[in-house]
Amino acid sequence: AQTVTQSQPEMSVQEAETVTLSCTYDTSESDYYLFWYKQPPSRQMILVIRQEAYKQQNATENRFSVNFQKAAKSFSLKISDSQLGDAAMYFCAYRVVGSQGNLIFGKGTKLSVKP
Amino acid sequence: NAGVTQTPKFRILKIGQSMTLQCTQDMNHNYMYWYRQDPGMGLKLIYYSVGAGITDKGEVPNGYNVSRSTTEDFPLRLELAAPSQTSVYFCASREDRLNTEAFFGQGTRLTVV
């Protein structure tokens with residue numbers, strides 16, 4: 001079974017500092033996508049960043065970057081220069097290429113940003 | 001751009017009542033999904049559809065039904081509501097190409113009392 005594990009229920013970071021959220025996954029598939037979604041109190045699910053498993057280069061989107069370790073099945077999210085607006089739930093998610101395309105989610109990490 | 005629209009945003013049901021959660025998207029996406037999010041948990045797939053007239057069960061389908069008569073609409077029906085169905089429900093849609101992201105509605109918070 002494919003599973004996604006986020007081992008940090010809550011994290012806290014000082015404004016302007018850097019924080020890393022952890023995610024591991026279990027799969028026997030070789031071709032898949034990985035995602036980080038942000039869910040602020042408004043409940044809206046917002047895509048932060050995605051990574052194709054066949055790409056060795058780590059994805060980057062402005063202050064957000066990932067450390068993708070395919071052999072270790074690890075996919076961590078680094079947020080640099082943290083801002084108050086980064087406070088939210090963060091979900092790691094996985095999707096197999098060529099399937100019906102549904103996402104498999106971790107339980108989430110609640111990130112607090114201290115001013 | 002409306003994207004994915006869910007109605008209602010909030011609802012309180014009594015045990016045994018039925019209701020339909022509406023979901024519509026204006027992006028001409030073939031793939032549509034219903035997820036539920038329980039407190040402290042990630043989203044779990046209830047049902048999905050790969051096109052009009054085609055639906056299939058996800059991980060947690062018991063107590064729910066869906067239909068897909070048009071590309072735009074994918075309603076979720078709750079029959080005989082139970083307290084275990086108290087949750088936040090999300091509808092999502094996606095293009096049926098390989099590397100595309102899912103777009104989510106804003107969710108429906110449902111409480112069954």
Side-chain angles (χ1 to χ4, degrees), chain A residues 1-10 21-26 29-55 59 61 64 75 88-110, chain B residues 1-10 23 25 29-51 54-61 66 68 74 87-110:
Chain A
Q2 296 144 355
T3 58
V4 176
T5 301
Q6 294 178 248
S7 59
Q8 307 153 315
E10 295 187 25
L21 308 185
S22 300
C23 173
T24 59
Y25 57 95
D26 189 21
E29 302 287 340
S30 60
D31 206 5
Y32 50 87
Y33 301 109
L34 294 162
F35 305 85
W36 279 98
Y37 279 88
K38 172 185 178 181
Q39 186 181 45
S42 67
R43 289 204 309 255
Q44 183 68 47
M45 295 291 286
I46 302 165
L47 179 64
V48 175
I49 198 166
R50 67 178 158 199
Q51 174 81 41
E52 292 88 346
Y54 67 86
K55 289 186 178 179
E61 288 286 344
F64 299 88
F75 183 60
M89 284 291 290
Y90 286 83
F91 291 96
C92 180
Y94 158 99
R95 188 181 93 211
V96 176
V97 172
S99 68
Q100 69 269 18
N102 64 289
L103 293 160
I104 298 170
F105 286 87
K107 291 184 179 181
T109 296
K110 184 176 182 180
Chain B
N1 271 343
V4 179
T5 303
Q6 289 183 237
T7 56
K9 288 187 171 48
F10 303 93
C23 175
Q25 51 93 6
H29 289 171
N30 278 330
Y31 286 9
M32 294 188 74
Y33 311 89
W34 275 106
Y35 294 90
R36 61 177 285 172
Q37 182 183 21
D38 297 328
M41 303 291 287
L43 281 66
K44 292 189 176 181
L45 184 67
I46 305 171
Y47 270 95
Y48 67 96
S49 169
V50 299
I54 306 170
T55 63
D56 207 346
K57 297 177 181 178
E59 184 183 355
V60 289
V66 293
R68 186 91 183 272
F74 190 40
S87 191
V88 178
Y89 292 83
F90 287 95
C91 179
S93 73
R94 191 173 72 85
E95 284 186 82
D96 56 346
R97 291 186 295 115
L98 281 181
N99 189 15
T100 56
E101 67 176 278
F103 292 84
F104 285 82
Q106 288 208 298
T108 296
R109 180 177 293 278
L110 176 67

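- Looking at Glu59(B), neither its backbone nor its side chain comes within 4.5 Å of chain A, counting heavy atoms on both sides.
- Defined by atom type and a distance below 3.5 Å, a donor-acceptor pair is present between the side-chain atoms of Tyr25(A) and Tyr32(A).
- Contact tally against chain B (heavy-atom pairs below 4.5 Å) for Met89(A), Lys110(A), Gln39(A): the top residue is Gln39(A).
- Between Phe104(B) and Tyr35(B), the angle of the ring planes lies from 30° to 60°, which puts this pair in the tilted group.
- In this structure a side-chain-to-backbone donor-acceptor pair under 3.5 Å is missing from Arg68(B) to Ile54(B).
- Contact annotation for Ile46(A): neither backbone nor side-chain heavy atoms come within less than 4.5 Å of a heavy atom of chain B.
- With a 4.5 Å cut-off on non-hydrogen atoms, Phe103(B) does not touch chain A at all.
- When ring centroids are compared, Phe35(A) and Phe75(A) stay outside the 6.0 Å threshold.
- Heavy atoms closer than 4.5 Å to chain A are found in the side chain of Leu45(B), but not in its backbone.
- Minimum heavy-atom separation, Ser22(A) to Trp36(A): O-CH2, 3.8 Å.
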